[in-house]
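Written out below as structure tokens is the structure these notes cover.
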Amino acid sequence: AQSVTQPDIHITVSEGASLELRCNYSYGATPYLFWYVQSPGQGLQLLLKYFSGDTLVQGIKGFEAEFKRSQSSFNLRKPSVHWSDAAEYFCAVAPDNYGQNFVFGPGTRLSVLP
Amino acid sequence: NAGVTQTPKFQVLKTGQSMTLQCAQDMNHEYMSWYRQDPGMGLRLIHYSVGAGITDQGEVPNGYNVSRSTTEDFPLRLLSAAPSQTSVYFCASSSRTTREETQYFGPGTRLLVL
């Protein structure tokens, strides 16, 4: 069965610092991978997605993610964090048997210090 | 477009009570789903639908019923609420069932069962 792990439950960074959120997946075939962000009290918003091709994908709000098949990872990065980036971040994989039934990771909560 | 809407935003129930969580989308999306979000567990799929009249179970369907009589609406019913159903519930939709399609999430319903 597919699974997604996000090793960091909570990360705190200072505003302006760089950020990397980790995501590892367990999947037998070519994964379709997503990062979503959930601001406090809000629904989930898609940041970026990877299907194939270039392993470095760009998303909204200055985020990017790199797919590394050898490490089964899809880490999310941002070079300079803004206070408004404080939120919960979810990595998800779309299985190929039923593409929209996503499997989500447990989430990483990001706090930003002024 | 209003996107995906959910009502109510917050609900308190007593054990054994029943209620329906409403979800509607105005994007003519084929696929709709319900997830529950619990701390440390990410989002887990409850039920999903690939079109009017068609529903199926996800990962955690016990205690929940759904129906899809129209394309727009996908209500989630709790027949006899239990404290274990205390959670935040998200509805999502997408235009097709293939993995490439973006899922759009509603703002969530926070449910407390006493």
Side-chain angles (χ1 to χ4, degrees), chain A residues 1-10 21-27 29-53 57 59-60 67 74 87-109, chain B residues 2-10 21 23-25 29-51 54-61 66 74 87-110:
Chain A
Q2 301 87 9
S3 67
V4 178
T5 56
Q6 294 178 248
D8 304 304
I9 297 173
H10 184 205
L21 302 182
R22 295 182 290 164
C23 171
N24 293 96
Y25 63 89
S26 169
Y27 192 67
T30 303
Y32 280 36
L33 296 157
F34 304 80
W35 274 100
Y36 280 84
V37 60
Q38 182 183 28
S39 298
Q42 303 296 313
L44 278 73
Q45 180 183 22
L46 180 68
L47 282 177
L48 47 80
K49 55 190 177 184
Y50 170 78
F51 300 148
S52 63
V57 293
I60 62 171
F67 170 62
F74 187 55
E88 187 140 23
Y89 292 80
F90 293 95
C91 183
V93 63
D96 57 7
N97 57 340
Y98 220 98
Q100 287 290 305
N101 294 357
F102 287 5
V103 176
F104 282 86
T108 296
R109 185 160 64 91
Chain B
V4 181
T5 58
Q6 293 184 239
T7 56
K9 284 191 169 72
F10 181 69
L21 280 64
C23 173
Q25 51 88 11
H29 280 177
E30 185 176 296
Y31 175 93
M32 296 185 73
S33 59
W34 278 102
Y35 290 87
R36 59 177 289 172
Q37 181 184 25
D38 301 294
M41 303 189 73
L43 280 74
R44 291 179 292 166
L45 184 66
I46 305 172
H47 285 285
Y48 65 97
S49 168
V50 300
I54 306 169
T55 64
D56 207 345
Q57 296 180 349
E59 180 187 354
V60 288
V66 292
F74 190 44
S87 188
V88 181
Y89 292 85
F90 288 99
C91 180
S93 74
S94 66
S95 60
R96 293 187 298 168
T97 58
T98 54
R99 296 197 281 170
E100 293 82 2
E101 291 303 313
T102 296
Q103 282 201 58
Y104 296 88
F105 285 80
T109 294
R110 189 173 295 272

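Chain letters run A, B, ... following the sequence lines, proteins first, then strands; residues in each count from 1.
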field: Engaged part of B/Q6 at the chain A interface, taking heavy atoms whose separation is under 4.5 Å
entry: neither

query: Any chance OH of B/Y104 has more than 12 other-residue heavy atoms, nucleotides or ligands included, within less than 6.0 Å?
result: no

- line: Okay, B/L43 and chain A: the region with an atom under 4.5 Å from a heavy atom over there is both

query: Should we say atom CZ of A/R109 is surrounded by more than 12 heavy atoms from elsewhere, each under 6.0 Å from it?
result: no

- request: Might you point out which heavy atoms bring A/P106 and B/G40 nearest each other, and give the distance in Å?
  value: CB-O, 3.3 Å

- prompt: What residue, out of B/G42, B/P39, B/A92, has the most heavy-atom pairs lying under 4.5 Å from chain A?
  reply: B/G42

query: A/L44 versus chain B, heavy atoms under 4.5 Å apart: side chain, backbone, both or neither?
result: both

- request: Would you check if the distance from the ring center of A/Y36 to the ring center of B/F105 is below 6.0 Å?
  value: yes

query: Contact part of A/Q38 toward chain B, heavy-atom cut-off under 4.5 Å: side chain, backbone, both or neither?
result: side chain

- prompt: Are any side-chain N or O atoms of B/Y35 and backbone N or O atoms of A/F104, one a donor and one an acceptor, separated by less than 3.5 Å?
  reply: no

message: As an exercise, state the distance from CZ of A/F34 to OG1 of B/T102, rounded to the nearest 0.5 Å.
response: 7.0 Å

